[in-house]
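So the structure is just underneath, and the comments pick up after that.
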Amino acid sequence: FDGGILMSGGLGALSTIIARHIYTNKPRTGELICASRSGRSARFDLNHSCPFMEISVHKIDVASWADFSATFAAPNLACEYVLHASGLLYDGLSVHQNPNKIRTVCAPKHRAAEKLQCAFSLTALRAWLVFSSTSHVLKSTGQANYAAANAMTDSFAQNQTQCGNVWKSIQWGAWDC
């Protein structure tokens with residue numbers, strides 16, 4: 001990776017693993033922009049292992065236009081990569097799901113991917129990397145809404161690829177954090 005990286009879900013366990021991997025295995029200077037609904041930064045301390053990397057943490061919900069545009073209104077946002085790792089679990093059996101629960105889970109996955117694509121549609125990004133879950137491929141008891149959100153996100157990424165954009169979707173399985 002050369003160039004700035006915007007990472008949604010930037011303070012989650014998966015994003016922490018990804019960021020450490022990027023900067024540990026390919027030391028570089030540059031900016032990592034972490035967008036997170038929580039904004040917490042206690043567990044995200046990469047500055048010691050990556051002293052030449054500029055890290056900025058922004059408490060925003062990338063699925064919200066108001067949050068996103070207020071934070072990233074500057075046209076000179078120097079991003080060349082978008083890593084979309086946002087997600088939200090709201091477990092429950094299919095019979096206990098309702099439209100509100102499904103919307104809540106789909107927002108940080110699918111709706112955020114759509115918002116990011118719109119926001120960067122005129123930017124010549126080198127790549128998009130969308131982290132999805134294997135929950136829609138494998139049986140995941142109690143995760144019907146999460147599986148649906150991941151399937152929609154994968155489908156959206158595939159559509160973007162067919163439109164000529166550089167999108168990759170990785171179905172991420174269980175990990176040990």
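- If you chain together hydrophobic residues whose side chains sit under 4.5 Å apart, Leu83 and Ile170 fall into the same group.
- Take His110 and apply the ring pair (Phe, Tyr, Trp, His ring centres under 6.0 Å) test, not counting sequence neighbours, and it matches Phe156.
- Judged by distance alone, the side chain of Lys109 and the main-chain N or O of Ala85 form no donor-acceptor pair under 3.5 Å.
- With sequence neighbours excluded, the residues forming a side chain to side chain donor-acceptor pair (under 3.5 Å) with Asn165 are Gln160, listed by chain and number.
- In the hydrophobic cluster analysis, where Ile, Leu, Val, Met, Phe, Trp and Tyr join through side-chain heavy atoms closer than 4.5 angstrom, Trp65 is grouped together with Val82.
- Val130 and Met152 are assigned to two separate hydrophobic clusters, defined by single-linkage of ILVMFWY side chains at heavy-atom distances under 4.5 Å.
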Please table the atom pairs, donor to acceptor, closer than 3.5 Å between any side-chain atom in residues 57-64 and protein atoms at least two apart or in another chain.
from  : atom 1 : to    : atom 2 : distance (Å)
His58 : NE2    : Ser56 : OG     : 3.4
Asp61 : OD1    : Ala63 : N      : 3.0
Ser64 : OG     : Ala66 : N      : 3.4
Ser64 : OG     : Asp67 : N      : 3.2

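- For Leu88, the side chain to side chain contact (heavy atoms under 4.5 Å, CB included) partners two or more places apart in sequence, or in a different chain, are Arg37, Thr104, Pro108.
- Note that the SG atom of Cys79 and the CZ atom of Arg126 stand 12.5 Å from one another [nearest 0.5 Å].
- With sequence neighbours excluded, the residues forming a side chain to side chain contact (heavy atoms under 4.5 Å, CB included) with Lys168 are Leu129, listed by chain and number.
- Ser86 pairs by the side chain to side chain donor-acceptor pair (under 3.5 Å) definition with Ser8, not counting sequence neighbours.
- For the atom pair Asn98 CG and Arg103 CZ, the distance stands at 8.0 Å (nearest 0.5 Å).
- The shortest heavy-atom contact between Ser15 and Met7 is CB-SD, 3.3 Å.
- Among residues two or more places apart in sequence or in another chain, the side chain to side chain contact (heavy atoms under 4.5 Å, CB included) test is passed with Thr161 by Trp167.
- Between the side chain of Asn150 and the backbone N or O of Tyr146 there is at least one donor-acceptor pair closer than 3.5 Å.
- Considering every non-hydrogen atom in both Tyr81 and Leu125, the closest pair reads N-CD2, 4.0 Å.
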